[in-house]
Amino acid sequence: MRIPILAGNWKMYMTPRESQDMLAQFLPLVEAVASREIVLCPPYTALSAVGELLQGSPVKLGAQNMYPAQEGAYTGEISPKMLQALQCNYVIIGHSERRQYFGESDTSVAEKTKAALENGLTPIVCVGETLEQREEGLTEPVIEIQIRRGLASITATQYEAIVIAYEPVWAIGTGRTASPEDAQHVCAFIRTILASLAPAEAQKVRILYGGSVKPENIKELMNQPDIDGALVGGASLQAESFSRIVRFEEQ
Ligand SMILES: O=C[C@H](O)COP(=O)(O)O
């Protein structure tokens with residue numbers, strides 16, 4: 001049985017003060033919700049404030065990125081050790097915006113995934129095709145390469161501790177969601193690749209969908225057999241919409 005994960009990626013939004021206001025509304029709305037993991041990934045500058053407010057709540061803390069070394073002369077970077085010190089449980093790795101704007105590659109995804117696991121952080125490894133790739137019929141080969149290369153650094157037994165997020169680039173922030181059937185198709189495909197890499201672990205890996213997830217589409221997405229949760233951008237910034245996504249059965 002895979003426990004669903006509803007994760008909010010706040011991207012480059014939310015000051016510490018804005019985070020506090022959001023959480024003051026959000027936490028009471030989700031405190032009674034059971035049988036799922038709720039994760040918030042604020043920007044680095046709000047991690048500390050959000051982490052303090054989450055203490056004693058069922059909501060877990062995640063980061064949006066990290067550097068794959070414990071410490072060193074890497075100006076502007078944040079290490080897994082620093083995230084651990086803030087009680088982070090999760091870290092997003094290889095988000096398409098990092099690949100698109102900051103030159104991240106499958107090689108850096110592999111390094112970061114390994115470093116996250118070695119430091120007790122659960123990596124949420126993001127994969128997804130662009131619109132051009134989808135239209136050329138390249139979705140499956142693109143995803144397969146991203147998975148095989150991005151997970152090349154981990155052992156079969158470590159698969160149980162990772163989370164994959166399938167985020168078609170064309171669906172991110174566009175209001176254009178993949179249909180539940182399309183999302184399920186790709187998530188099931190991802191699971192077959194995982195099964196070829198780690199046969200004993202593939203059924204345990206949580207696979208999330210991300211890309212314009214909203215209260216209106218979450219229930220149908222969650223009804224798909226290989227979709228184990230969502231990585232939510234815009235709709236995680238408001239307490240009302242993200243709490244409805246977390247309470248997906250009621251929508
Ligand atoms: O990490 C989250 C995804 O990029 C989805 O963002 P979105 O829900 O704003 O489309």
Side-chain angles (χ1 to χ4, degrees), residues 4-14 18-19 22 26 37-44 46-47 50 59-66 83 88-102 104 108-109 112-113 116 121-131 133-134 139 142-143 146 150 162-180 182-184 186-187 190 206-222 224 227-248 251:
I5 303 178
L6 291 308
N9 173 11
W10 284 356
K11 306 193 179 182
M12 200 173 73
Y13 294 96
M14 296 289 216
E18 289 166 342
S19 307
M22 189 279 185
F26 176 70
E37 287 180 50
I38 310 167
V39 181
L40 283 175
C41 303
Y44 288 140
L47 273 177
V50 171
V59 182
K60 295 180 178 167
L61 187 64
Q64 298 176 18
N65 181 34
M66 59 163 225
L83 298 181
C88 271
N89 303 105
Y90 289 85
V91 58
I92 299 170
I93 303 288
H95 190 281
S96 66
E97 288 151 12
R98 299 233 33 106
R99 295 177 190 253
Q100 186 178 354
Y101 305 129
F102 304 102
E104 292 214 3
S108 64
V109 169
K112 291 180 180 192
T113 301
L121 297 163
T122 300
I124 301 176
V125 180
C126 300
V127 297
E129 81 286 4
T130 63
L131 183 59
Q133 289 164 336
R134 171 161 282 243
T139 298
V142 165
I143 301 285
Q146 289 175 339
I162 65 166
V163 174
I164 305 283
Y166 167 56
E167 299 206 312
V169 178
W170 47 271
I172 295 176
T174 59
R176 190 176 161 191
T177 320
S179 71
D182 279 350
Q184 161 59 24
V186 179
C187 291
I190 289 170
R206 269 98 50 97
I207 303 176
L208 315 184
Y209 168 78
S212 298
V213 172
K214 302 181 275 282
E216 293 74 26
N217 57 27
I218 184 66
K219 189 173 179 181
E220 217 180 335
L221 288 162
M222 292 301 290
Q224 305 303 316
I227 298 179
D228 305 311
L231 182 56
V232 186
S236 71
L237 295 169
Q238 282 87 38
E240 197 264 344
S241 53
F242 193 46
S243 65
R244 287 178 61 198
I245 289 169
V246 167
R247 299 158 65 126
F248 57 87
Q251 306 312 310

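Every number for a ligand or one of its atoms is a count from 1 in the order of the listing. Numbering of residues begins at 1 and proceeds along the displayed sequence. FYI, side chains are in, hydrogens and waters are out, and symmetry mates aren't considered; it's all heavy atoms of this structure.
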_Option among L208, V232, L231 that satisfies the side chain to side chain contact (heavy atoms under 4.5 Å, CB included) test with V213_ = V232
*Using distance alone, decide if ligand 1 has a nitrogen or oxygen within less than 3.5 Å of any nitrogen or oxygen in G234.*
yes
_According to side chain to side chain donor-acceptor pair (under 3.5 Å), who are the partners of Q251, at least two apart in sequence or on a separate chain?_
R244
*From the options R176, K11, Q64, select the one whose nearest heavy atom is closest to atom 6 (O) of ligand 1.*
K11
*asked:* Return the closest protein heavy atom for atom 8 (O) of ligand 1 as residue, atom name and distance.
replied: G233 N, 2.9 Å
_So, regarding S212 and ligand 1 (criterion: nitrogen or oxygen to nitrogen or oxygen, under 3.5 Å), is there a contact or not?_
yes
_atom 3 (C) of ligand 1: the protein heavy-atom neighbour that sits closest, reported with distance to 0.1 Å_ = E167 OE2, 2.9 Å
*Answer whether the closest heavy-atom distance between the side chains of N89 and V39 falls below 4.5 Å.*
no
_Side chain or backbone, does H95 bring an N or O within less than 3.5 Å of an N or O on ligand 1?_
yes
*asked:* I'd like to check the ring-ring contact (aromatic ring centres under 6.0 Å, His included) partners of F26; sequence neighbours left out, ordered by chain and number.
replied: F242
_Heavy-atom distances under 4.0 Å decide this one: backbone, side chain, both or neither, for N9 against ligand 1?_
side chain
*Which of the atoms of ligand 1 are close to A171, meaning less than 4.0 Å from one of its heavy atoms?*
10 (O)
*State, yes or no, whether a side-chain contact exists between N217 and P180 at a heavy-atom distance under 4.5 Å.*
no
_Looking only at distances, can you tell me whether any N or O atom of G211, backbone or side chain, sits closer than 3.5 Å to an N or O atom of ligand 1?_
no
*Which of the numbered atoms in ligand 1 are below 4.0 angstrom from a heavy atom of G173?*
7 (P), 9 (O), 10 (O)
*Should A235 be counted as touching ligand 1, given the test is an N or O pair under 3.5 Å?*
no
*Could you give me the CA-CA distance, side-chain angles and deciding distance for V109 and R98, then say whether side-chain contact (heavy atoms from CB on, under 4.5 Å) is met?*
CA-CA 10 Å; V109 169; R98 299 233 33 106; over 6 Å; no
*Pick one of side chain, backbone, both or neither for how C126 approaches ligand 1, counting any non-hydrogen atom pair under 4.0 Å.*
neither
_Between W170 and E129, is there a side-chain heavy-atom distance shorter than 4.5 Å?_
yes
*For the student: nearest non-hydrogen atoms of T139 and V186, plus distance*: CG2-CG2, 4.1 Å
